[in-house]
Structures are given as C-alpha cells and as structure tokens.
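Throughout, protein chains are lettered first and strands after them, A, B, ... in sequence-line order, and every chain is numbered starting at 1. Owing to the predicted nature of the structure, the values given are computational and were not obtained by experimental measurement.
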Amino acid sequence: MSEERSLNFIEEIIDEHLKAGKYQQIVTRFPPEPNGYLHIGHASSICLNFGLTKKYPGYTNLRFDDTNPTTEETEYVESIKNDVKWLGFEWKHELYASDYFDTLYEYAVTLIKKNRAYVDDSSSEEMASMKGTPTEPGKDSVYRNRSIEENLQLFEQMKNGAFADGTKTLRAKIDMAHMNMLMRDPVLYRIKHAHHHRTGDKWCIYPMYDFAHGQSDSIENITHSICTLEFVPHRELYDWFINELEIYPSHQYEFARRNINYTVTSKRKLLQLVNEKHVEGWDDPRMPTVSGLRRRGYTPDSIRDFCERIGIAKRENMIDVSLLEFCIREHLNKIALRRMVVFDPLRVIITNYPNETILLKTENNPEDPNGGTREMKFSNEILIERDDFMENPPKKYFRLSPGNKVRLKSAYIIQCDEVLKDAAGNVTALHCSYITNSKSGEDTSGIKVQGTLHWVNAADAVEVEVREYDRLFKVEDPTDEAGDFKEYLNPDSLKIVKGFAEPAILTDTNADRFQFLRKGYYCFDKESKPGQLVFNRTVTLKDAWAKEQKKG
RNA sequence: UGGCCUAUAGUAUAAUGGUAGUACGACAGAUUUUGGUUCUGUUUGUCUUGGUUCGAAUCCAGGUAGGCCAACCA
C-alpha cells in the first residue's frame with residue numbers, strides 16, 4: 001500500500017548489503033523450537049523473516065530447533081507448520097537442527113582436535129560454582145587440560161552411550177575469565193539418553209543451542225539470522241564457532257521482542273495456563289497464540305497488518321492491544337456478513353400491525369457493494385434487546401422509551417405506548433404501534449428518529465450459544481505485578497450467553513465471519529453443529545454509548 | 001559493585017546534521033436506517049547535563065532510567 005514507507009533497521013542493513021554487492025540474494029530462517037504453540041510474538045518474527053524475502057530477492061527456511069528431545073514433540077511441529085501456512089507464508093525448505101547432528105558431531109571433533117574443546121566430568125553444580133559471576137572471573141575445570149587424544153576418546157564414548165546422563169559434557173575451551181559469561185567454556189554437548197522425535201534412539205548426546213543454532217544457519221547459508229534481543233550476548237559465541245570452524249559466515253541481528261498488554265507471550269507461561277486448565281487449550285480463543293487468535297476469528301490479513309504496523313526496533317515495548325483490535329475491526333468491517341441477533345430479549349407487540357408475516361429485504365454488508373441482500377420475516381411480535389429500552393431514560397438516550405420512537409432496522413418506525421410488568425415490577429413486554437408509511441426504503445412519514453434498533457421476528461428466532469470473550473488478564477503487565485502472574489487472570493474473560501438469531505444464520509454455514517449488528521464481530525466456533533450453533537465473539541464494535549455512560 | 005543493549009506524545013514507530021511526522025488511543029464536531037463505518041478538527045513528545053556545529057532527536061562525553069547476561073533450556 002504505502003510504497004514510500006520508511007525501512008526498519010534490519011531492512012536498512014539488508015538494503016546496504018544488497019547495494020554494496022555483499023549478497024545477490026538473502027536467506028533468512030524462522031527457527032522455532034517445537035515445544036509449544038506459536039504466539040503473536042512469533043507471528044511478528046514470521047512476518048519479519050518471511051516478509052524480508054518477499055521484499056528482497058531470496059528465500060526463507062523453516063527450521064525446527066530440535067536439540068532438546070525431552071521437551072519437544074511432533075504435535076508442536078505440526079501446529080507450527082499449520083500456523084505459518086495459515087499466516088500466509090511459504091518456506092523454501094523444511095529443515096531440522098537434528099538433520100545436522102552428524103555434521104555437528106564432526107564439528108565438535110574438529111574443535112577437540114584444535115584443542116578448542118574438552119570433555120568435563122564436573123557436575124552441573126560444580127560447573128556453576130566455578131563459573132564465577134558477572135563481576136568475578138570463573139575458575140578452570142580440573143579436566144580442562146586433558147590431552148586431545150583422551151578428549152577424542154571420551155567424546156566418542158559419550159556418543160556411544162558409555163556414560164550416564166549428566167556425568168560428562170563437552171565444553172568449548174575459551175576463557176573462564178571472559179567478561180561475557182557465555183564465553184566461559186560453554187557446554188557444547190550433554191548426555192541425554194532420551195528418545196528424539198526425529199532421530200529416535202540414534203543419539204544419546206545432544207548439542208546445546210549455541211552449538212547448534214549458528215552452525216545450522218551456516219550450513220543453510222543463512223545470510224541474516226534474526227533473533228530477539230536476549231541473544232545479543234550469544235553473538236560473540238556465534239561468531240567464535242564460525243571462525244574456529246571456518247564455515248560459512250552467517251550473521252546474527254537482534255530486535256526487541258514484541259509485548260502486548262493484558263496478556264503474556266512466554267511459551268512457559270502459556271504452557272502453564274494450558275496445563276493448569278486456566279484455559280481450554282492452546283487454541284482457546286483467549287490465548288494470544290496463533291491458533292487461539294484463529295479460533296477467536298482473527299484473519300491472517302489482520303495479524304499481518306498488525307505486525308506491519310507495530311514495526312521492528314530494538315527498544316523495550318508494550319504494544320496496546322487496541323491496535324490489534326483496530327486491525328481486526330478494520331478487516332472484518334469490510335468482509336463480515338451483517339446479521340441480527342438479540343442477546344437478552346424483550347418482547348415487543350405491535351398492536352396496530354395486522355396478524356400477518358411479511359418479508360423485508362436488508363443488505364448483507366453496507367460496506368460491500370457486491371454483498372447482496374437477504375430477507376427477514378416481520379410480524380406483530382418481535383424481540384429487541386432489553387437494554388434498548390429504558391422506562392426512565394437519561395439524557396442522550398436515543399433508544400426506545402415510553403412515548404418515544406425508534407426505527408427497527410430495515411423495517412418500520414415504532415413508538416412505545418405501554419410497558420407491561422410482572423408482579424415484581426419487571427418489564428415483561430412492550431406494547432408499541434408502528435408508523436404505517438415508515439417502511440424502510442419507502443418511508444413517506446417524514447419522521448426523523450435518533451435510534452435504530454436491531455431485532456428478530458419472535459416466531460422464527462433461532463436460539464444459539466454465544467461465547468463472549470474478553471481480555472485474559474485484568475492488568476496490563478501480569479508479569480510485572482507482585483506474586484504469581486496467574487493471580488491477575490480476568491475472571492470474566494469468558495461469558496457464555498444465549499442469543500436469538502435471525503434464521504438466515506442457519507444457511508450461513510459457508511460463511512464464517514459475521515457482524516452481529518450493533519454488537520460485534522463473531523465467528524463459528526469449531527464446536528458448532530447444525531441445530532446447535534456456537535459463536536465466538538472476536539471483538540466488540542466500538543461503543544460510543546458505553547463511553548457516554550462511563551462519563552456519568 | 002563487571003559487560004552488553006536501549007531511551008522521540010498515553011502506546012508503537014519515522015525523521016540517517018537542516019520545518020519533529022505517521023498510526024492507534026483520547027477528546028470535539030459532521031455524516032449515518034448499526035451510538036458501527038466514513039470524514040474533519042484538537043490534544044500530548046526528543047530522559048538529563050555539558051560539548052562539537054551556522055544548525056543536534058541525530059555526532060561526542062558524563063549522568064539517570066529500563067532491559068539482558070552466572071540451565072547440562074532455547
């Protein structure tokens with residue numbers, strides 16, 4: 001849309017590289033660990049990595065960073081592939097860090113032969129105590145000066161399963177006094193007699209992230225390896241391996257992860273919410289996961305638009321969820337079918353209307369000239385929203401009240417004549433009269449009304465289930481509050497209500513996104529069945545009246 | 001009391017030594033058979049102190065604030 005939009009800092013770097021002829025094309029990768037579902041933060045990274053190679057010559061790989069068999073599962077692999085595709089991106093190659101286990105092993109042997117790695121028998125506790133602190137240097141392990149031959153032999157034995165888990169590691173030999181703690185002889189390989197989702201039981205030693213990620217980038221000739229800011233200190237190690245191994249020099253660039261208020265985007269925390277049943281699953285519509293947003297009714301276009309708008313930078317950030325909501329409203333306003341659904345019905349009897357049912361025409365989407373029309377039945381008994389009537393209305397209340405007139409959308413103007421109540425004083429029904437020459441499209445009454453209400457014909461309203469979702473947390477940043485973040489879950493994040501829908505909804509099974517007039521945007525939930533329709537609220541409409549009321 | 005990263009309206013992001021702009025939000029108004037949409041307008045900003053310069057958000061130095069780093073996680 002906006003060709004002249006300014007570049008983000010990564011695009012600027014790439015622009016320069018391309019202009020200077022450093023690269024003819026660029027290669028990026030999206031490197032998820034298959035230990036959880038993708039969330040909106042990942043979506044931002046996906047849009048960045050895949051977006052870059054749409055904009056510039058080159059391609060993007062999908063590479064699963066599967067170096068820890070104890071947390072990784074194929075279920076996650078499948079969900080991740082599905083989510084990336086759904087967001088609208090195509091990867092060039094589907095790859096796995098585990099594809100490179102043989103090569104990585106050879107790289108480790110190379111380092112040992114260069115006297116740049118050694119087998120350490122220290123326990124993790126010992127290693128931690130000798131690591132030093134950010135302000136104090138660490139101490140060399142007593143195993144640091146084993147001979148190359150001994151290291152070679154021990155490492156091979158590690159590979160062959162001669163040792164128990166945790167008894168030995170392979171470490172790089174760098175500098176235990178280095179300012180950067182990651183350079184203090186980092187662990188390269190650990191022993192884990194665990195079944196891997198792809199390599200099965202072939203291996204009982206697995207490379208650590210630092211020894212796998214950069215080399216995987218290098219093997220794939222990744223030109224621009226983009227990750228989040230917490231990996232900045234890893235870059236020195238990343239470059240050290242590439243330099244020592246004399247392999248293709250990929251380069252790492254870091255940007256700030258995107259945070260959104262009123263939610264959490266940490267796989268660990270999201271996993272907790274799932275495991276402890278605070279939500280129904282990874283795709284619960286309240287989850288900030290891609291699958292949750294999808295089930296909630298978000299479109300891929302709206303998510304891509306959101307990622308585009310929030311941009312990429314290096315500073316800490318907390319993005320207002322209202323921008324996400326703006327993006328989905330903007331898209332849905334253009335494409336969603338309009339339907340009328342009454343949630344909390346109040347019966348209206350039109351006393352001067354004949355005892356007959358007529359058909360009225362109404363548009364499917366006023367924003368879409370090709371949206372077409374549908375028919376609605378109208379009779380002398382209809383349902384309106386209970387809060388569209390007030391017996392003693394405040395100022396600026398444009399809806400129905402005794403003696404007041406409103407228009408029924410696409411139908412007639414009615415006036416409230418009488419309020420019916422039960423013994424307890426609750427309003428049970430309204431007697432209204434209609435203005436005979438005020439029919440929509442052929443109104444000759446000349447009457448102007450301030451309010452237009454949605455309604456359904458009482459005789460053929462369809463009862464449906466509606467799930468009203470709200471923000472998951474009641475505070476902007478649950479992780480910044482005292483105590484456990486789960487204490488700040490919003491107890492009202494889901495309200496299940498009944499709705500009375502116009503019958504058109506029964507034949508709308510091919511459509512999947514709706515605007516319930518004056519209410520919000522809704523979509524079919526996956527649990528919806530013929531005869532038992534279930535809708536999820538994606539987002540409410542903006543509500544100027546609610547705002548007005550808040551002012552008091 | 002180490003190293004590294006960062007600092008522009010409420011939020012996010014531009015301005016690449018030369019008029020501080022855009023979007024969302026908020027507020028006000030117009031239009032409207034959705035209190036929706038659309039349109040118009042208003043509001044609010046360069047962390048601080050110095051320096052370089054004709055000119056600094058931008059370059060330099062000091063300070064301040066926030067973040068990251070001591071898993072056999074990624």
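- When the side-chain nitrogen and oxygen atoms of A:R338 are compared with OP1 and OP2 of B:U37, none of them lie within a distance under 4.0 Å.
- Here A:R518 reaches the OP1 or OP2 of B:G35: one of its side-chain N or O atoms lies under 4.0 Å away.
- Taking the P atoms as reference points, B:A30 lies 24 Å from B:U22, given to the whole Å.
- Applying the side-chain hydrogen bond (donor to acceptor under 3.5 Å, both in side chains) test between A:D508 and each of A:R339, A:R513, A:R374 identifies A:R339 as the sole match.
- Distance, A:K409 NZ to B:G35 P: 9 Å, rounded to whole Å.
- Judged by Watson-Crick or G-U wobble contacts below 3.5 Å, the nucleotide B:A74 has no partner.
- Whole-Å rounding puts the A:I310 CD1 to B:U22 P distance at 21 Å.
- Nucleotide B:G2: paired with B:C69 (Watson-Crick or G-U wobble, both distances less than 3.5 Å).
- You'll find a donor-acceptor pair under 3.5 Å spanning the side chain of A:R315 and the base of B:U8, going by distance alone.
- Partner of A:Y189 under the ring pair (Phe, Tyr, Trp, His ring centres under 6.0 Å) criterion, out of A:F211, A:Y118, A:Y206, A:W203: A:F211 alone.
- Within 4.0 Å of A:L517, counting heavy atoms only, lies at least one base atom of the nucleic acid.
- In the interface, the side chain of A:E325 is not paired with the base of B:G25 through any donor and acceptor atom under 3.5 Å apart.
- Between B:U19 and B:U58, the distance separating the two C1' atoms is 15 Å to the nearest Å.
- B:A57 and B:U49 have their C1' atoms separated by 16 Å, given to the nearest Å.
- B:U48 and B:A56 have their C1' atoms separated by 15 Å, given to the nearest Å.
- Base-pair partner of B:U22: B:A12 (Watson-Crick or G-U wobble, both distances under 3.5 Å).
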